[in-house]
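Here is the naming used below: chain letters follow the sequence lines, and residue numbers restart at 1 for every chain.
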Protein chains: 2
Amino acid sequence: MLKYQEVADRIELAIKDKKLSQGTRLPSLNELISKYDVSKTTLVKALTTLEDKGVIYQVQGSGIFVRRQKRDGYIALMTNMGFTKDLENNKLSTKVIDLKIETPSAEVARELNCAPGEEVYFIKRIRYVDNNVLCIEQSYFRKKIVPYLNKEIISESIFNYLTEVLKLKIGFSDKYLRTDILKKTEAKLLELPNNSPGLYIDELFYTASGEPFDLSQTIYNYKHANFFIQSGQK
Amino acid sequence: MLKYQEVADRIELAIKDKKLSQGTRLPSLNELISKYDVSKTTLVKALTTLEDKGVIYQVQGSGIFVRRQKRDGYIALMTNMGFTKDLENNKLSTKVIDLKIETPSAEVARELNCAPGEEVYFIKRIRYVDNNVLCIEQSYFRKKIVPYLNKEIISESIFNYLTEVLKLKIGFSDKYLRTDILKKTEAKLLELPNNSPGLYIDELFYTASGEPFDLSQTIYNYKHANFFIQSGQK
DNA sequence: AAGTGGTCTAGACCACATG
DNA sequence: ATGTGGTCTAGACCACTTT
């Protein structure tokens, strides 16, 4: 366990534990340095991590303060993984519609940087929160990087499987978001009337070494999809 | 100018200048250290900045690589300011619908953490890209923090005015995003048929010292609103 | 084994905010 | 003036990847 990561976790835990509210001032840098017995640089790095995560904000010359918590039920858009964590207070379930191995279309192959003839898993799922349709999701995984998937695995959180079983290190992702009118087949799957709005998110996930491995399109039911984005300036 | 910031800018410029494509490897840490004549820590901080910004990614034991550029015309959702920069290749204009000083509603006062009786500017604008309606925007600015606004100022980029004229230091923001069916009045302003989809973004902006100063709701025309989100893991 | 990125330290010095 | 956060350094050591 990295030192700065551990310190960051302990500080975050302390905030949640004591239920410190927005604007509450934390102990000064020097106090935290003695408390956790690390160098200044390490402590600063821990704080930077928490700042990026939206847990605190730092004001030069003044102090370190607790930042507001996001509204419950909102899905954080910047975290890499699925929303398993964001909706932990809700009942999540998944229905698998399709799972097969195929040779990708030219467009998919290009996005995923596939070699000619390389195969991918194609997955189509419906995800529910509290028995309401949250979204339909179509994903392509490069078989080269994700060699095995089955119906059982993809009925749960795929990303947990990737990181914990396959020990895949996820690096970063690009997401494109837009709103449009649902197509008839989409509306039906989302249990919405024809011509309802839909929220479309295209994502491309990369491993830590920069290889794209998952291209997916998710279409959200607008009634149950609320997103949250925290931005910083630094 | 901070040293790490300057180094970061120079590296970013070099990438853009030489039009290095995704996956191109940059010189090694040690080479960059000698090239820019800074300590390792400073160089690493510069690289971290660029990594957060989505310009590069670093792979331990391997190298530093150029990350893919976002598609043109997409609006980055994590930068704090408006989209002036994202749409610099497009013709942007603004029509002011309303500008007045008022005593905020209980809800607005709560979000902005206003003292009793404190006044706010209320602004309503329509923004156009290439002569198409991009969005309608309603904002509340705390007069205490933004003491003066006029029609001319808000016809341009308000955030440029805040940072460059008022020297306001913007800290961070919370954004909430959802899709819904437009109300009749909204559809009319956006020049869309009744019952069209709309993309709603609520934002709360804070100064660097943690004071909320701007609460706004923006409703985007789904035909011209494409958003981009880059995520990292670190 | 060699090279590359990543963590950590102790300490000097700078910039900003508050009393 | 003091205290607070922020930058910067030189250098030791660690972890991962490549050859």
Can you tell me which nucleotide in [options] comes closest to the side chain of [X]?
X       : options                : answer
A:Gln60 : D:dG6, C:dC8, C:dT4    : D:dG6
B:Ser62 : C:dA15, D:dT18, C:dT4  : D:dT18
A:Ser39 : D:dT4, C:dC8, D:dC8    : C:dC8
B:Leu2  : D:dC8, D:dG5, C:dC8    : D:dC8
A:Thr41 : D:dA15, D:dG11, C:dG11 : C:dG11

Under 4.0 Å, heavy atoms only, any strand: does A:Ile64 hit a base, just the sugar-phosphate, or nothing? sugar-phosphate
Reckon B:Lys40 touches a base, only the sugar-phosphate, or nothing at all at heavy-atom distances under 4.0 Å? base
Distance in angstrom units between [X] [atom1] and [N] [atom2], rounded:
X       : N      : atom1 : atom2 : result
A:Glu6  : C:dT7  : CD    : P     : 15 Å
A:Leu26 : D:dT4  : CG    : P     : 13 Å
B:Leu50 : C:dG6  : CG    : P     : 13 Å
B:Tyr4  : D:dT7  : OH    : C1'   : 8 Å
A:Ile33 : D:dG3  : CD1   : C1'   : 13 Å
B:Phe65 : D:dT17 : CZ    : C1'   : 10 Å
A:Leu29 : C:dT9  : CG    : C1'   : 16 Å
A:Leu47 : D:dG6  : CG    : C1'   : 11 Å

Quick check: does any side chain N or O of B:Gln230 sit under 3.5 Å from a backbone N or O of B:Gly54, one acting as donor and the other as acceptor? yes
Backbone N or O of A:Met78 within a donor-acceptor pair of the B:Ser231 side chain at under 3.5 Å? yes
Closest non-hydrogen atom pair between A:Tyr148 and A:Tyr161, with its separation: O-OH, 2.9 Å
Residue-phosphate contact under 4.0 Å: [X] side-chain N/O, [N] OP1/OP2:
X       : N     : result
B:Gln58 : C:dG6 : yes
B:Lys45 : D:dC8 : no
A:Thr42 : C:dT7 : no

Using the closest heavy atom to pick a nucleotide of DNA chain C for each, name whichever of A:Val38 or B:Glu31 lands nearer the 5' end. B:Glu31
Sorted by position of nearest nucleotide on DNA chain C, 5' first, the leading residue of B:Arg25 and A:Met1 is B:Arg25
Measure the SG-CD1 distance between A:Cys135 and A:Ile75 for me, rounded to the nearest 0.5 Å. 7.5 Å
Here's a test of your reading of the structure: between B:Leu43 and A:Gly61, which maps to the more 5' nucleotide of DNA chain D? A:Gly61
Test applied, salt bridge (Lys or Arg N to Asp or Glu O under 4.0 Å); reference residue, B:Glu118; option that passes from B:Lys144, B:Arg110, B:Arg142: B:Arg142
With no hydrogens and no angle check, do the side chains of B:Asp202 and B:Tyr200 hold a donor and an acceptor under 3.5 Å apart? no
